[in-house]
Amino acid sequence: MLTHSVQAKLEVVATTPDLGSIVREIGGDLVEIEILARPKEDAHFVSARPSFIVKLNKADVLVEGGAELEIGWLPALVDQARNRKIVSGAPGRIVCSQGVQMLEIPATLDRSRGDIHAAGNPHYLIDPLNAKIVAEHISATLCELEPQSCATFESNLKRFSNAIDIKLNEWRNLLKPYSGRRVVSYHNSWPYFSKRFGIRVDLFLEPKPGIPPSPSHLAEVVSQMKSDKITVIMVDPYINRRTAETAARFTGATLVDAAQFPGGVKGTEGGYIQLLDYLVNSLAKAFGGG
Amino acid sequence: MKTIRFLFLSAFIALALFPNSAQEADPVGQLKKQLEQIQANFEKIQQQQKLEIERLTRQIQALQEQNDADAETKRLESELAAEMATAPAAGSQVARPSTWSPSQPIPVIRAGSAYMNIGFDVLTVAGWSTDRDVSQALNLGDHDPIQRGFSLRNAEITLEGAVDPYFKGFASPVFKLDPSGETEFELEEAYLMSSSLPANLQIKAGQFFAAFGRQNSIHPHAWNFVDQPLILNRAFGPEGLRNPGGQISWLAPTPFYTEVFLGVFNGGGGTAFSFRNAGDEGQVPPSFYGRETLGRGLRGPGDLLFVPRIASSFDLTDTQTIVVGASGAIGPNDTGLHSRSEVFGLDAYWKWKPLNAMRSLHFLSWQTELLYRRFGAGEDLVAGFDSENMRDWGFYSEVLWGFRPRWMTGLRGEFVTGNNSAIDAESVFRGDRSRVSPNLTWLPSEYSKLRLQYNHDRGQNIGVEHSVWLQLEISLGAHAAHKF
């Protein structure tokens, strides 16, 4: 009789690198992780490459952001993957937005206002407290699917949550002197971050969600930046950097390379906490310099 | 003494007769009485005020208590929020519904919360051609522009959703306007697809586009060009290959994507063009390629139309993906008791998309399909045609370049040819043809599209023709996820 059988690792597919990073924190070496969207990619517009079907076919767990983040590409892939473990409602399907207090849920659905998200703004994971909720989801599901390793997952969860708590204090202190400061970004992808850290990211280079900037809109942004003395522009890796550079040239503002995903900006490959570290520090630096 | 007595007496009488007037006559008593009255009034008012003061005090106290309670609630809430944030129970937190007041708009059903997603997509074309009547021979596709000026050849309703835990359902009724403005209707697709079969299998059943090559199963609003590729028109007719039937497909356990399909269809009618197609039923007798059709029914399973396909995909690099496939369509045709047809095709698709593409609109792609068809035409002694093999082959190749956000440009080249057959002079579906089509597409948003296309057509039966088409797409409602 065999004394020890090699336990097959749980195969987890995460749609985005931030989710993948949290799965790594909780699952550690007990899970194999495949991440679909690349760090610099816009999570709304991922090419549904057929190789993803193969990854989803083999998956024990699918971790998705939900709230329509992946609505443009994930459903067709899951349909083709023929995997009962990850279909909607299966224990292996983790929809991370569940349990998160969503912001900006529109009262009416009207596309003349641009691309809107019926379930609210889906970029919630950039708030560290939401990352803790998501980590809890992941831990609970991993425990359910692999009860014998549950203690490990739970202690990993505790470690991650504690790390977030300690870091959150540090981050808040760093940004406290700049409370209430306004920041420009391209897309409205930072409401959760601004709420958590008391800054205001409420002026956007695109006139409406999904509609590219027009010169008249940019002119308005520039004049608002001047009158409100806004000195920082956050730039996502997948946007046209020239637009932000133009706005910066007219206003003397500082560009801060920002990303929602670990690895989206150089030096954030280490994971979620490193990404937040980077974002908070570079913002504080930009505020301080401006 | 007498005077004093009189005074006494008169006073007595006065007292006896007018007891009150005696008081009135007494100013001290009067004032005293007034004072008493005022005092009584004062006491009464004081009492009232006291009550009022007590009432107000109680009110103030109550309000203060309320405020304290509110503050307490708030404190509790924030503590709870902090508590829940530190140790949330998965899935236990429910978003608080915002209170609704009559002045607010009533929220609509949100995507994903409905049993069925509904979409509506309209394609309108405006343009001009040197060909007076493009519908005769130049533009034979069912969704192609059919006349100079305006055409509306695709207004499609899409319905889709999960039927139950086992099946997904999809339907697309399509409306079109014919040249006289009359509305035509067709049920383009209506099928269900399994979602949880074991062994990597999946079945599809109903009326649907056969999985042959790349373009055949794509709906017109997702095409890269305004019109149907010529070789698909030759092999599968104006509407493409779709029919009532079933399909089983298997995802092979290879490290790269490989999927094997087998479709089985009834194979009758105009949507199975090269197969049991009765042809022009307006003619008496109905005929196809000049031959009388027999209206063949199914004599056995061998009379069904079989459509096998295999497709594989490889990620060449992090930014490049290729999909290659081979397909066949094999079944009887209606021009003879034992006549059969086969179509074989090869297809390839390559796409490059940089890692940090702005939305999905920065890319380069190339798509090509090569098709061969043998149509075993039966003899028709009345019409004077022997049995013969009509062989056609052709290809299209198209490059699409998303050169800046919201803009893409494309170039398609096509060629079709075939052997000589007895009916070549009469059929617009035969003879050599080539077409070059550059186009430019502007997407104001994900839900609208404006496309300008030029066609340079050259053909044995049509000469040289130039056409310019401007296509407008509007898309309402749910937007199904894109396949690769």
Side-chain angles (χ1 to χ4, degrees), chain A residues 38-42 44-54 57 68 70-84 87-89 98-102 105-109 111 114-115 118-120 129 132-133 136-137 139-141 161 165 210-212 237-240 264, chain B residues 85-96 98 104-108 110-113 162 165 168 193 195-198 200-202 251 254-257 259 311-315 318 321 323 351 353 355-361 363 405-406 444-447 476 479-484:
Chain A
R38 275 78 58 93
K40 291 184 179 177
E41 212 163 12
D42 185 340
H44 294 302
F45 298 95
V46 173
S47 274
R49 300 197 281 178
S51 57
F52 293 171
I53 297 170
V54 178
N57 176 254
E68 300 189 356
E70 304 97 339
I71 198 168
W73 52 279
L74 189 64
L77 289 172
V78 175
D79 281 351
Q80 290 170 281
R82 301 160 170 80
N83 184 348
R84 276 181 289 184
V87 295
S88 181
Q98 281 171 3
V100 171
Q101 177 102 42
M102 303 301 288
I105 299 173
T108 51
L109 300 179
R111 281 187 185 144
D115 290 356
L129 292 187
K132 283 168 61 175
I133 295 176
E136 176 79 21
H137 275 307
S139 164
T141 300
S161 291
D165 287 337
I211 308 293
Y238 49 82
I239 68 139
N240 188 345
Chain B
T86 36
S92 68
Q93 281 172 297
V94 180
R96 207 183 318 176
S98 54
Q104 285 174 350
I106 296 166
V108 229
R110 298 178 193 290
S113 71
K168 294 199 90 177
M193 194 172 78
S195 41
S196 56
L197 274 191
N200 279 353
L201 294 172
Q202 187 161 57
L251 188 68
T254 44
F256 52 89
Y257 164 84
E259 194 171 351
S312 281
S313 171
F314 309 90
D315 290 338
D318 234 13
T321 300
V323 187
K351 185 177 180 182
K353 191 186 146 197
L355 287 176
N356 58 345
M358 174 80 177
R359 302 171 75 82
S360 45
L361 302 171
F363 67 92
R406 302 208 286 178
S445 79
E446 220 186 319
Y447 308 100
L476 291 169
H479 203 60
H482 298 286
K483 289 186 178 177
F484 190 77

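Because the structure is predicted, anything quoted here is derived from the model rather than measured.
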Note to self: For the interface with chain B, which of A:Gly89, A:Ser47, A:Pro237 has the highest count of heavy-atom pairs at distances below 4.5 Å?
What the structure shows: A:Ser47
Check: How many angstroms lie between atom OG of A:Ser51 and atom CZ of B:Phe314, to the nearest 0.5 angstrom?
Finding: 11.0 Å
Item checked: Greatest number of heavy atom pairs closer than 4.5 Å to chain A - which of B:Leu197, B:Thr254, B:Leu251, B:Thr321 -> B:Leu251
Next item on the list: Please report the shortest heavy-atom distance between A:Ile53 and B:Tyr257, naming the atom on each side.
Entry: CD1-CE1, 3.8 Å
Notebook entry, point to check: If you take all heavy atoms of B:Val323 and A:Pro50, which pair is closest and at what distance?
Noted result: CG2-CG, 4.0 Å
Notebook entry, point to check: Can you name the nearest heavy-atom pair linking B:Ser445 to A:Ile211, along with the distance?
Noted result: CB-CD1, 4.2 Å
Note to self: Is the shortest side-chain heavy-atom distance between B:Ser313 and A:Arg49 below 4.5 Å?
What the structure shows: no
Checklist line | Nearest non-hydrogen partners of A:Phe45 and B:Lys353, listed with the distance | finding: O-NZ, 2.7 Å
Notebook entry, point to check: Where on A:Val46 is there a heavy atom nearer than 4.5 Å to chain B: the side chain, the backbone, both, or neither?
Noted result: backbone
Margin query: Counting only non-hydrogen atoms closer than 4.5 Å, does B:Pro165 touch chain A with its backbone (N, CA, C, O), its side chain (CB onward), both, or neither?
Written below: neither
Note to self: Tell me every residue that passes salt bridge (Lys or Arg N to Asp or Glu O under 4.0 Å) with A:Arg82, counting only those two or more places apart in sequence or in another chain.
What the structure shows: B:Glu259
